[in-house]
Number of protein chains: 2
Amino acid sequence: MFAKGGVSLLCAVLALPAASEPLSAKDSEPATLGWMQGFPPARDKVVRAADGSFFQFPALRYSVTNMRQFMPTVEVSRGLEAPVPLEYRLDPLIDHLQFLPWGSAQPISFEDALWLNYTDGLIILHRGQVVYERYLGALSEDKKHAAMSVTKSFTGTLAAMLVAEGTLDENKTVAQYVPELNDSAFGDATVRQLMDMTTGLQYSEDYADPNAEVWAYSAAGNPLPKAADYAGPVGYFAYLQQVKKQGEHGQAFGYKTVNSDALGWVISRVTGQSVAELLAEKVWRRIGMEQAAYYQVDELGTPFAGGGLSAGLRDMARFGELVRNGGKWQGEQILPAAAIDDIRKGGSKDAFAKAGFDKLKGWSYRNMWWLTHNANGAFAARGVHGQTIYIDPAADMVLVRFSSHPVAANGANDPTSLPAYQAVADHLMTLYPKRNSHEVSSTLRSE
Amino acid sequence: MFAKGGVSLLCAVLALPAASEPLSAKDSEPATLGWMQGFPPARDKVVRAADGSFFQFPALRYSVTNMRQFMPTVEVSRGLEAPVPLEYRLDPLIDHLQFLPWGSAQPISFEDALWLNYTDGLIILHRGQVVYERYLGALSEDKKHAAMSVTKSFTGTLAAMLVAEGTLDENKTVAQYVPELNDSAFGDATVRQLMDMTTGLQYSEDYADPNAEVWAYSAAGNPLPKAADYAGPVGYFAYLQQVKKQGEHGQAFGYKTVNSDALGWVISRVTGQSVAELLAEKVWRRIGMEQAAYYQVDELGTPFAGGGLSAGLRDMARFGELVRNGGKWQGEQILPAAAIDDIRKGGSKDAFAKAGFDKLKGWSYRNMWWLTHNANGAFAARGVHGQTIYIDPAADMVLVRFSSHPVAANGANDPTSLPAYQAVADHLMTLYPKRNSHEVSSTLRSE
């Protein structure tokens with residue numbers, strides 16, 4: 001692929017699994033398989049970005065915790081202050097909770113689901129306290145893991161923040177902020193349409209199609225040097241300028257990564273900061289993060305706002321808790337409450353229904369978050385291979401999972417994941433019912 | 001350069017300056033020149049690793065604080081504990097101290113020298129307390145800066161630690177630890193000869209010579225994908241295996257970066273850890289570091305033990321203070337006292353004199369540290385473009401400077417740097433004379 005115009009990082013992120021039955025989670029542990037171990041690693045244990053091997057399962061299980069080893073990155077600084085430790089109230093029952101996977105009459109346990117989904121790390125906060133935390137695969141408490149498209153929800157949250165602050169007008173067109181996008185499909189879309197991915201774009205993320213636009217996008221964003229005969233755009237922003245319109249804006253949800261990067265461009269133009277710099281200033285430096293996070297970048301240093309974030313598991317939970325608490329952290333309003341309210345109100349279910357996510361009936365997409373519209377009002381950030389921040393307001397729960405599932409599409413893990421999260425929510429709501437809002441809020445450490 | 005077999009990172013690090021008079025420090029500030037600023041940066045403000053432009057002055061002044069943006073890296077973890085703040089006792093007189101540059105009858109001030117030497121950051125500890133701290137160029141307290149060959153002193157210190165612990169026998173040959181080096185020049189060298197760079201190697205770091213071995217070394221270590229016609233070794237370790245002997249080991253000091261990487265290989269083979277992992281475990285996690293550091297790596301993930309470290313200014317000072325205090329940090333013995341003693345005793349002045357550092361008369365090189373053997377017993381880690389950790393035991397002083405001097409060789413900045421450090425030492429010794437050893441040690445915060 002390199003000879004054809006650059007390694008495909010984005011494609012690699014979304015690569016289809018091998019046709020044969022993949023190794024189990026236990027059999028594919030990176031330490032067992034020995035990827036990149038030894039001095040030097042054995043020839044058949046080396047994985048590389050250049051040939052895409054670093055994102056082929058099972059090597060993927062190593063790479064997800066070592067993205068910076070394969071490509072240039074920029075830091076999301078946590079500042080220099082002491083981290084604020086999370087409080088612990090571990091609940092040993094959670095691993096034993098039973099639930100029915102979608103379409104199955106055979107219950108399995110929460111712990112069974114950890115292994116089925118190639119979980120690398122899973123943490124659950126209840127009312128801000130850690131009730132569950134496990135590390136598997138190659139992850140540990142002091143490492144970072146690729147968040148994949150969970151990154152989009154950070155981009156969308158930053159945009160919602162700017163809208164709530166009045167810095168960004170969601171009714172203006174994208175071209176009003178980024179004139180370079182005037183002649184592209186994005187030009188006459190509103191910022192709001194971009195934020196909710198209801199743009200009409202000629203852009204396919206069908207990885208089975210060698211002519212799908214995602215391959216060209218990936219080549220443009222690839223930070224490794226282009227081949228001599230590469231004639232395409234260089235960098236995410238250059239690619240976005242030549243995306244063509246298809247259909248009308250505002251009609252249907254279309255899950256297309258380019259929207260997130262176009263939104264990242266709008267954010268950067270408005271604030272004068274990259275999404276990495278803005279996320280550091282507005283969030284990472286302000287809520288006691290334990291570790292700096294980082295973004296992969298293109299060769300112009302542009303962070304990949306559509307999927308380039310890597311961060312620690314607990315720090316993702318801190319962010320989830322910030323969102324669950326309406327933007328407050330330990331009594332201080334960090335993100336505008338209106339921005340969080342706007343995420344929680346959700347997007348158009350009609351627009352969502354047109355996108356063909358048959359298993360996610362009744363959901364919507366707003367500010368680059370996925371709204372379940374279930375009885376608990378749960379909403380989530382979601383990334384391929386099983387990444388999620390799952391926030392259940394009714395259960396006062398934030399759950400973060402990092403995974404390296406062999407199948408990219410979350411359809412492969414949702415049947416044993418979403419009902420597992422619901423089982424934990426049910427368990428917590430039974431143990432800790434909400435009696436009245438005053439009592440609830442007085443029990444909240446962070447509110 | 002890419003077409004010829006890979007970008008030359010090492011070469012770039014050591015590139016010669018342009019022949020014309022370079023911009024002054026003030027005129028070359030990265031913020032003024034606008035490198036990699038804007039969304040996207042203007043075409044003529046983009047710097048890249050692939051074409052070596054990121055290491056050409058004045059773009060270099062941006063790149064030194066952003067190495068990870070240009071190449072793959074691995075973290076040196078600080079762990080998750082709270083940083084231990086340094087105590088401050090700032091001395092406003094230091095900037096006004098006057099000294100005579102070497103070969104000049106015209107005194108200049110310490111602050112003059114900051115600008116003359118394109119200083120990006122300079123911190124001075126006296127008895128563990130910060131008496132001076134300034135950030136210029138593109139550096140700030142929460143960023144990291146390339147340490148260049150100061151990295152070698154970290155590698156040498158780790159090796160000295162392993163020798164002091166008995167894990168590594170300095171009298172054994174390199175091949176006894178790394179059989180893969182048996183047929184190379186390193187094979188029959190002792191570990192001690194490697195640590196002191198008294199190996200006899202056919203290896204030139206003469207950048208003016210296009211056939212110098214350093215170019216092939218650089219191509220081998222370059223993490224970016226090799227060109228299709230590249231037929232050389234891949235990775236630092238593979239390169240080391242084909243270094244040929246020239247002369248005898250143990251006769252003369254020869255400052256050759258390959259020694260540091262060969263030592264890194266020995267260290268990794270003995271400990272089962274990369275130098276990045278070992279440095280994290282033994283140092284970075286143990287002395288209250290504020291920021292994770294990082295190493296650039298080759299395409300097999302091998303940290304560049306000869307020059308790949310980037311770290312925060314204060315964290316470099318913490319390490320310097322650890323060494324000054326005989327390996328103790330806040331009462332705890334972190335590194336073996338014997339390892340530090342072995343650094344301080346120095347190497348062979350005769351061997352050093354054969355290396356042709358005419359301006360560094362009477363110096364020696366031991367455990368990859370430079371010993372001045374001056375009246376104060378000062379010793380230093382040194383890297384191109386003006387990087388240093390300068391430890392003056394008599395003055396109880398640790399000075400760290402990060403720079404981006406247009407001239408790589410330290411001969412260009414030594415005349416206005418080494419006498420400046422001496423002036424500060426004299427000043428501190430006048431203000432705070434040592435009366436007896438008991439009294440001195442009772443004033444030390446960290447001992």
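Please read all numbers here as calculations on a predicted model, not as lab measurements. Only heavy atoms go into these numbers, but all of them, side chains included; no hydrogens, no water, no symmetry mates. Within every chain, numbering begins at 1; the chains are lettered A, B, ... in the order of the sequence lines, protein sequences first and strands thereafter.
- Heavy-atom pairs under 4.5 Å with chain B peak, among A:Val178, A:Asp142, A:Val46, A:Thr302, at A:Asp142.
- Across A:Lys144, A:Gln69, A:Lys143, a single residue satisfies side-chain hydrogen bond (donor to acceptor under 3.5 Å, both in side chains) together with B:Glu75, and that is A:Lys144.
- Nearest approach of A:Pro83 to B:Ala82, heavy atoms of both residues: CD-CA, 3.8 Å.
- Taking CZ of B:Phe39 as the start and OG1 of A:Thr271 as the end, the distance is 6.5 Å to the nearest 0.5 Å.
- Contacts between A:Glu290 and chain B at a heavy-atom distance below 4.5 Å involve backbone atoms as well as side-chain atoms.
- If you measure heavy-atom distances from A:Pro41 to chain B, the contacts under 4.5 Å come from the side chain alone.
- To the nearest 0.5 angstrom, A:Thr73 atom OG1 is 12.0 Å from B:Met67 atom CE.
- Of the listed residues (A:Arg314, A:Arg269, A:Glu299), the one with the most heavy-atom contacts under 4.5 Å to chain B is A:Glu299.
- Distance CG/A:Leu80 to CE/B:Met289: 13.0 Å, rounded to 0.5 Å.
- Only the side chain of A:Arg48 comes within contact range of chain B, with heavy atoms under 4.5 Å apart.
- In terms of heavy-atom pairs under 4.5 angstrom with chain B, the leader among A:Arg285, A:Glu180, A:Arg78 is A:Arg285.
- Proximity to chain B (any heavy atom under 4.5 Å) is restricted, for A:Val234, to the side chain, taken from C-beta onward.
- Other residues, nucleotides and ligands contribute at most 12 non-hydrogen atoms within 6.0 Å of the CD atom of B:Glu81.
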